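Report on the structure given below.
Fair warning: this is a prediction, and the values are worked out from it, not measured in the lab.
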There are 2 protein chains.
Amino acid sequence: MRGDSASTISEARLSRPSAGRLSLYLRHLEALIGEGGAKVSSVQLGQALGVSDAQVRKDLATLGNLGHPGVGYRPQELIGAIRQALGLNREWSVALVGVGNLARALLRYRGFQQQGFRIVALFDADPAKVGQCIDGLEIHSPDQMSSVIARTGAELGLLAVPSETAQTVAEGLVAARIRGILNFAPAVLRLPESVKLVSVDLAAQLEQLAFLVQMVGNESRALNTR
Amino acid sequence: MRGDSASTISEARLSRPSAGRLSLYLRHLEALIGEGGAKVSSVQLGQALGVSDAQVRKDLATLGNLGHPGVGYRPQELIGAIRQALGLNREWSVALVGVGNLARALLRYRGFQQQGFRIVALFDADPAKVGQCIDGLEIHSPDQMSSVIARTGAELGLLAVPSETAQTVAEGLVAARIRGILNFAPAVLRLPESVKLVSVDLAAQLEQLAFLVQMVGNESRALNTR
DNA sequence: GGATGTGAACGACTTCACAGCG
DNA sequence: CGCTGTGAAGTCGTTCACATCC
């Protein structure tokens with residue numbers, strides 16, 4: 001890197017897959033800290049996470065010059081830098097729509113609050129559920145979305161509703177000025193560019209697994225032809 | 001492709017991302033069928049799913065010559081071919097380990113049984129849960145894994161246990177001759193090559209979303225410099 | 001020596017663009 | 001015509017290999 005006369009972070013662009021791996025590094029590093037590991041090398045990290053050492057270096061290099069040649073990386077520093085790069089150096093308030101079993105699982109999921117995500121609002125269209133409380137949070141009607149989200153300051157939304165209503169509910173969240181949606185409904189959502197979307201399609205993942213498993217069978221058959 | 005003198009299916013290799021999209025096409029096509037759509041074009045499919053038309057054609061071309069130039073594709077045919085390619089033209093028996101909220105959500109999840117996945121066995125290490133029944137399925141102790149999995153013929157495993165025990169439990173599933181694992185624990189699992197693994201890391205997905213949302217802010221700041 | 005950072009080579013996936021067919 | 005199938009070009013991400021620094 002040439003023009004680093006000043007020590008300002010040059011804010012190199014961070015690619016999507018790289019960002020995904022940073023999450024993994026982060027989790028692993030936080031576990032390491034507990035064991036007081038003072039240094040980590042790209043080889044160690046890579047082996048622990050199933051990633052090539054070159055890949056690790058490339059990923060970490062985007063964070064700035066954190067590596068100490070001949071030594072490795074300092075976990076503490078890395079953690080801070082990764083948090084910053086991923087936007088985890090602050091709290092994120094999250095709204096959860098669709099209070100079914102999945103929602104309950106998400107509510108209790110430790111991984112979220114551990115990284116500063118806080119679920120601050122619940123919504124469900126079922127009148128029987130509206131007004132009830134879970135973990136100290138009242139379930140609101142979707143009508144209230146705009147006001148409740150404004151009041152609680154939620155910026156992210158978890159969408160755990162049936163696929164039929166997913167698009168409509170998502171639009172409600174957009175109208176309520178949510179900035180990003182994590183969608184669990186098996187539906188393809190259409191959102192304005194400015195609202196970010198990540199989808200987790202459980203059925204598709206399981207189908208992917210079936211495909212891979214089935215391929216193994218085909219593989220061995222294919223090998224016979226050699 | 002050279003030696004296609006015979007009309008035998010040349011079984012073109014199906015790439016991982018392509019297989020992922022096939023799941024989406026399949027779901028959309030099954031919805032279309034209900035509405036009696038007789039023909040679909042790559043453009044229609046693409047727009048519905050947020051994929052380029054060229055991509056759709058490339059993906060579907062791997063299934064054999066199903067397209068009718070000047071006309072489009074017949075949904076029925078496509079569905080059959082996709083099912084076959086993904087290995088969904090049969091039932092898959094599935095074992096579910098770790099009976100918490102997530103497991104309950106997965107058990108009731110329609111998308112699974114709709115594509116022929118049947119959960120046939122439950123396991124949980126908590127003695128208080130062992131012996132209980134959910135949806136007509138008894139919860140077994142992990143000790144019983146080998147025998148129960150052999151008896152029920154489960155080939156796939158859903159792993160919904162805490163990350164600390166994930167590796168151990170996964171090894172148990174491998175020992176019980178499971179062929180693929182869908183892992184929900186936020187841990188990196190080490191499995192033999194022959195056992196396929198797909199991981200769904202909820203925390204990482206949410207972090208990814210935070211990253212994207214945060215990027216939007218940085219983007220607009222970056223645009224100012226222009 | 002040991003480990004980082006990084007251009008260059010490589011590979012995988014996507015888009016382009018168009019020939020060919022109904 | 002309209003729409004598919006597909007080589008060619010392009011883009012993105014990963015791996016290699018090595019100069020560099022402690």
Inset, instruction - Return yes if a side-chain donor-acceptor contact under 3.5 Å exists between E155(B) and Q214(A), otherwise no. - result: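 No pair is found: no donor N or O on one side chain lies under 3.5 Å from an acceptor on the other.
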Inset, instruction - Using distance alone, with no hydrogens and no angle criterion, decide if S199(B) and N183(B) have a side-chain donor and acceptor under 3.5 Å apart. - result: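 There is such a pair (donor and acceptor under 3.5 Å, judged by atom type) between the side chains of S199(B) and N183(B).
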Inset, instruction - Using only heavy-atom distances, decide whether a donor-acceptor pair under 3.5 angstrom links the side-chain of K58(B) to the base of dT15(C). - result: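 When only heavy-atom distances are counted, K58(B) does reach the base of dT15(C) through a donor-acceptor pair under 3.5 Å.
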Legend entry - Donor-acceptor pair under 3.5 Å, K39(B) side chain vs dG2(D) base: no
Legend entry - Net bend of the helix from dG1(C)-dC22(D) to dG22(C)-dC1(D), end axes of five pairs each, nearest 10 degrees: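 The end-segment axes of the helix from dG1(C)-dC22(D) to dG22(C)-dC1(D) are tilted 10° relative to each other.
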Atom [atom1] of [X] and atom [atom2] of [N]: how far apart are they, to the nearest Å?
| X | N | atom1 | atom2 | answer |
| --- | --- | --- | --- | --- |
| Q55(A) | dT4(C) | CD | C1' | 15 Å |
| D53(A) | dA3(C) | CG | P | 10 Å |
| L66(A) | dA3(C) | CG | P | 18 Å |
| L63(B) | dG5(D) | CG | P | 10 Å |
| L60(B) | dG5(D) | CG | P | 8 Å |
| R57(B) | dG20(C) | CZ | C1' | 13 Å |
| H68(B) | dC3(D) | NE2 | P | 14 Å |
| L45(B) | dC3(D) | CG | C1' | 13 Å |

Legend entry - Strand-adjacent residues in residues 16-34 of chain B, judged by heavy atoms under 4.0 Å from DNA chain C: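 Those residues whose heavy atoms fall under 4.0 Å from DNA chain C, taken from residues 16-34 of chain B in numerical order, are P17(B), R21(B).
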[X] vs [N]: side-chain N/O to OP1/OP2 distance below 4.0 Å:
| X | N | result |
| --- | --- | --- |
| Y73(B) | dG2(D) | no |
| S52(A) | dT14(D) | no |
| S42(B) | dT4(D) | yes |

With a 3.5 Å distance limit and no angle check, can you tell me whether [X] reaches the backbone of [Y] through a side-chain donor-acceptor pair?
| X | Y | result |
| --- | --- | --- |
| R27(B) | P186(A) | yes |
| Q84(B) | N89(B) | no |
| Q205(A) | V200(A) | no |

Legend entry - CZ (R16(B)) with more than 12 external heavy atoms under 6.0 Å: no
Legend entry - R118(B) CZ: over 12 foreign heavy atoms closer than 6.0 Å: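 No, because the 6.0 Å sphere around CZ of R118(B) holds 12 heavy atoms or fewer from other groups.
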Legend entry - Shortest non-hydrogen separation from E77(A) to L66(A) and the atoms involved: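 Distance-wise, the nearest heavy atoms are OE1-O, 3.8 Å.
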Inset, instruction - Report the nucleotide, chosen from dT6(D), dC3(D), dC13(C), that has the shortest atom-to-atom distance to any side-chain atom of A61(B). - result: dT6(D)
Legend entry - Aromatic plane relationship, W92(B) with F117(B) - under 30° parallel, 30 to 60° tilted, over 60° perpendicular: parallel
Inset, instruction - Calculate, to the nearest 0.5 Å, the distance between atoms CZ and CG belonging to F112(B) and L158(B) respectively. - result: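 Taking CZ in F112(B) and CG in L158(B), the distance rounds to 6.0 Å.
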Inset, instruction - By nearest nucleotide on DNA chain D, pick out whichever of G70(A) and A54(A) is the more 5' one. - result: A54(A)
